[in-house]
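Accompanying notes for the structure given below.
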Amino acid sequence: MLNNYHSPLTIDKKHGASGQSDYTIFYKNKAKLDFEITRPDKNDTSILLCIPAAFTSLDKYDVDGLYICDGTVGNVKRINHSLGGGIEIINGECTIFETHNGKLLTDSLINSITTARGSFFQQICMIDSGKVAHFKPNEMTWRRGIAVFKDGKTAIIESNSPVELATFANDAAAFGVTYLIYTDMGAWDEGWYRNPTNGELVVLGYSKSQTGKQSNWVVFKR
């Protein structure tokens, strides 16, 4: 426990309209969103929440697809054209958008992010401008993503039960989410946050079997 601990992070619980899962929502509020390719230190008390972000490639165990970290580009020749979404992070705030399977990841876009010393990674775009993406039937597992709500608030949403991608996206839309991008789960799902009331570290995740091979993370920071 940290004495006189104060945190901008707030946590809410909601029941999904599908009836298949409850959800935990971690609101960023005045914290800053950031992308890291070096494992965040649990002893760094400026970090309020940490989760795996982009998928990790299974051949090189590095970031899957194009990424930019604090203005430095990685995998520029390895754009993943099977991933339809991207997230741009500049000055602690994010923009989630559909990349049309990587076609919008032009030199101009990359240069604009690097010039601003911003960050970016590819993932599955689940909701864009309030429109939920179409998903084929898929496995039931725990889901997590970065969300932007109608009121502009940014949060991490996590299902408390296994659900399909479509259920996760539709439940999020019913909560008022207008933009949602997926974050890595399954065997890579381990993350953590600091209890906003006392600063104690709380572990997130269900499988946690590939934590040692995680390659990148999203954090909320002071």
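Given the structure is predicted, the values throughout are model-derived calculations rather than measurements.
With rounding to the nearest 0.5 Å, the separation of OG1 in T154 from NZ in K32 is 12.0 Å. Distance check: I47 CD1 to L201 CG gives 10.0 Å after rounding to the nearest 0.5 Å. To the nearest 0.5 angstrom, Q214 atom CD is 8.0 Å from D189 atom CG. The CD1 atom of I87 sits 5.0 Å away from atom CZ of F121, with the distance rounded to the nearest 0.5 Å.
Tested against F35 for a side-chain contact (heavy atoms from CB on, under 4.5 Å), the candidates I68, I89, V219 yield a single pass: I89.
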Are W142 and E158 close enough, and set up right, to give a side chain to side chain contact (heavy atoms under 4.5 Å, CB included), and what steps lead you there? CA-CA 7 Å; W142 290 269; E158 178 176 289; 5.9 Å; no

Run the ring pair (Phe, Tyr, Trp, His ring centres under 6.0 Å) test on F220 and F26 for me, step by step, so that the C-alpha distance in whole Å, both residues' side-chain angles and the decisive distance to 0.1 Å come before the verdict. CA-CA 10 Å; F220 287 173; F26 302 87; 8.2 Å; no

Yes or no on side-chain hydrogen bond (donor to acceptor under 3.5 Å, both in side chains) for Y67 and N216, after CA distance, side-chain angles and deciding distance? CA-CA 10 Å; Y67 71 91; N216 66 99; over 6 Å; no

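For K60, the NZ atom sits in a loose shell: 12 or fewer heavy atoms of surrounding residues, nucleotides or ligands are nearer than 6.0 Å. For D41, the CG atom sits in a packed shell: over 12 heavy atoms of surrounding residues, nucleotides or ligands are nearer than 6.0 Å. In the displayed structure, D107 atom CG is contacted under 6.0 Å by at most 12 heavy atoms of other residues, nucleotides or ligands.
The minimum heavy-atom distance between S159 and Y206, with the atom names listed, is O-OH, 3.6 Å. L180 approaches A172 most closely through the heavy-atom pair CD2-CB, 3.8 Å. Across every non-hydrogen atom of I90 and G118, the tightest pair is CG1-CA, 4.0 Å. Here the closest heavy-atom approach between residue T56 and residue D184 is recorded as N-OD2, 3.6 Å. Across Q122 and I79, no two heavy atoms sit closer than the pair OE1-CA, 3.7 Å. Heavy-atom minimum distance, Q123 versus Y182: CG-O, 3.1 Å.
For the ring-ring contact (aromatic ring centres under 6.0 Å, His included) test, no residue two or more places apart in sequence or in another chain qualifies with W217. For N75, the side chain to side chain donor-acceptor pair (under 3.5 Å) partners at least two apart in sequence or on another chain are R78.
D64 and S57 form no side-chain donor-acceptor contact under 3.5 Å, judged by distance and modelled atom types alone. In this structure, a donor-acceptor pair under 3.5 Å is present between the side chains of S207 and S209. N170 and S18 share no donor-acceptor pair across their side chains, judged by distance under 3.5 Å alone.
At a threshold of 4.0 Å, the pair D12-K14 counts as salt-bridged, since one of the basic side-chain nitrogens sits closer than that to a carboxylate oxygen.
Proximity of S82 to N101: side-chain heavy atoms (C-beta onward) are nowhere separated by under 4.5 Å. At least one side-chain heavy atom of E164 sits under 4.5 Å from a side-chain heavy atom of P137.
Taking the ring centroids of F149 and Y27, they lie under the 6.0 Å cut-off.
Taking the centre and axis of the six-membered ring of Y5, the NZ or CZ atom of R222 falls inside the cone set by 45° and 6.0 Å.
Of the possible polar contacts, none joining the R144 side chain to the M185 backbone as a donor-acceptor pair under 3.5 Å is found. A donor-acceptor pair under 3.5 Å is formed between the side chain of T178 and the backbone N or O of V148.
Linking ILVMFWY side-chain heavy atoms closer than 4.5 Å, directly or via other members, places L165 and V163 in a single hydrophobic cluster.
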